[in-house]
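Every value quoted in this text rests on a predicted model; they were computed, and no experiment measured them. In what follows, every chain begins at residue 1, and chains take the letters A, B, ... in the order their sequences are listed.
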Protein chains: 2
Amino acid sequence: MSDDEPDTDQTFHHAERFSRARAAQAVALLEDYAEMIGDLMAEAGEARVADIAARMGVTHPTATKAVARLKREGLAVSRPYRGVFLTEAGQTLADHVRARHRIVVDLLIAVGVPTETAELDAEGLEHHVSTQTLAAFKQYLDTSRRGD
Amino acid sequence: MSDDEPDTDQTFHHAERFSRARAAQAVALLEDYAEMIGDLMAEAGEARVADIAARMGVTHPTATKAVARLKREGLAVSRPYRGVFLTEAGQTLADHVRARHRIVVDLLIAVGVPTETAELDAEGLEHHVSTQTLAAFKQYLDTSRRGD
DNA sequence: GCGGAAATATAGCCTTGGCTTCATTGCTGT
DNA sequence: ACAGCAATGAAGCCAAGGCTATATTTCCGC
Ligand SMILES: [Mn+2]
Ligand SMILES: [Mn+2]
Ligand SMILES: [Mn+2]
Ligand SMILES: [Mn+2]
């Protein structure tokens, strides 16, 4: 700084903000994989690595690596050459993520975003929506549905 | 899949969505650094690595590496032991990112998110807001400001 | 002018999350 | 029963983005 630091606390707030965004991003992949594995189990009865990879738009080894991380974090289990299954914790996460995803899409649509665009943007957006923001979204959808 | 692939195109749409989210994330850091360097130049007349690192909440070598990537992408220039400067392209990006950031914060507040929370979440959210969504946000803010 | 402190650069390490290539296993049809 | 193909696993490469530790340069006060 050119002068004697009149903005030390502002700098701190900036740092805090970026730090939170990085933290959110760090769990984004786990969230998406958990949600998707839950979807596949519900739709097809099982979640195979090949299906996971296809839906994520990545190669099988990449999906396998992600599954390994899920297992390490206690969110999934799997036996060699068998499918992938969510643990209790994984299922809970999947359900939460799915619900949040839907609310984010609905809010985007409610404020005028085209449906297709809302679906696309929500996939990245959702991971940065805090519980407070999610609550505000719910409230908004509720009151705007009621009184129109 | 258990049966003969009735959802091939749905799988494709999923993959497309995740692919877009990954692409957005890949440029998020460049966007934040560009915006911040622009801010520092406007506020202090120059952007030093130490200040950039402090605001990003990161160590100096990390900031230096990010600046190296900015230079590689043609968004910034710098001479050893001197400050960092945005190129024409970098300045354009910074301005665009700053404007988008503000609109995202404003929209969050407009739908009922507490101000402080809006500031925090926007830092991560913004990078996944497409031009279509941004346009919808602008429109919403405009009409809700006009007719209340 | 110079010496010490602060800023900057450099080197090297780690994890994440992509990829390709190749080995191994499972499944399925004849 | 088994041959061959599909699915999975294993190994190893790369870039991004974080870190620590150390070297170098600049700057400022005296
Ligand atoms: Mn997502
Ligand atoms: Mn999602
Ligand atoms: Mn940001
Ligand atoms: Mn921002």
Side-chain angles (χ1 to χ4, degrees), chain A residues 1-5 11 15 18-34 36-37 40 44 46-73 75-85 123-124 127, chain B residues 1-5 11 15 18-34 36-37 40 44 46-73 75-85 123-124 127:
Chain A
M1 290 296 146
S2 41
D3 49 341
D4 30 297
E5 334 292 334
T11 292
F18 288 112
S19 186
R20 275 188 37 138
R22 283 195 297 269
Q25 194 57 39
V27 294
L29 210 73
L30 292 178
E31 294 180 343
D32 281 335
Y33 272 88
M36 164 163 305
I37 291 170
L40 285 170
E46 62 175 356
R48 309 298 301 233
V49 171
D51 302 328
I52 296 170
R55 286 219 185 169
M56 288 295 300
V58 298
T59 58
H60 340 77
T62 296
T64 299
K65 238 185 216 180
V67 169
R69 193 172 159 216
L70 283 174
K71 291 165 72 174
R72 183 151 37 90
E73 306 271 349
L75 297 168
V77 292
S78 79
R79 293 192 318 279
Y81 293 96
R82 244 71 202 201
V84 180
F85 305 90
E123 199 57 73
H127 309 283
Chain B
M1 289 295 148
S2 41
D3 49 342
D4 30 297
E5 335 292 335
T11 291
F18 288 113
S19 186
R20 275 190 35 142
R22 283 195 296 270
Q25 194 57 41
V27 294
L29 210 73
L30 292 178
E31 295 180 343
D32 282 335
Y33 272 88
M36 164 164 305
I37 291 170
L40 285 169
E46 62 174 357
R48 309 300 301 232
V49 171
D51 301 328
I52 296 170
R55 285 219 186 170
M56 287 295 300
V58 110
T59 58
H60 340 77
T62 296
T64 299
K65 236 185 218 179
V67 169
R69 191 172 161 217
L70 283 173
K71 290 165 72 174
R72 181 151 38 90
E73 305 273 349
L75 298 168
V77 293
S78 79
R79 294 193 318 278
Y81 294 96
R82 251 40 204 225
V84 180
F85 306 90
E123 199 57 72
H127 309 283

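Across A:Ala54 and B:Ala15, no two heavy atoms sit closer than the pair O-CB, 3.5 Å. Closest approach of A:Gly57 and B:Arg22 over heavy atoms only: O-NH2, 3.2 Å.
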Q: Classify every nucleotide of nucleotides 7-17 of chain C by which part a protein heavy atom approaches to under 4.0 Å, writing B for the base, S for the sugar-phosphate alone and - for neither, in 5'-to-3' order.
A: SBSBBBB--SB
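At least one side-chain heavy atom of A:Leu40 sits less than 4.5 Å from a side-chain heavy atom of A:Met36.
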Let me have the donor-acceptor pairs involving side chains of residues 60-70 of chain B, under 3.5 Å, with sequence neighbours excluded, atom names and distances please.
unit_1	atom_1	unit_2	atom_2	d
B:Thr62	OG1	B:Thr59	OG1	3.2
B:Thr64	OG1	B:His60	O	3.0
B:Arg69	NH2	B:Ala26	O	3.1

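Summarising the geometry, atom CE belonging to B:Met56 is positioned 9.5 Å from atom CD1 belonging to B:Ile37; distances are rounded to the nearest 0.5 Å.
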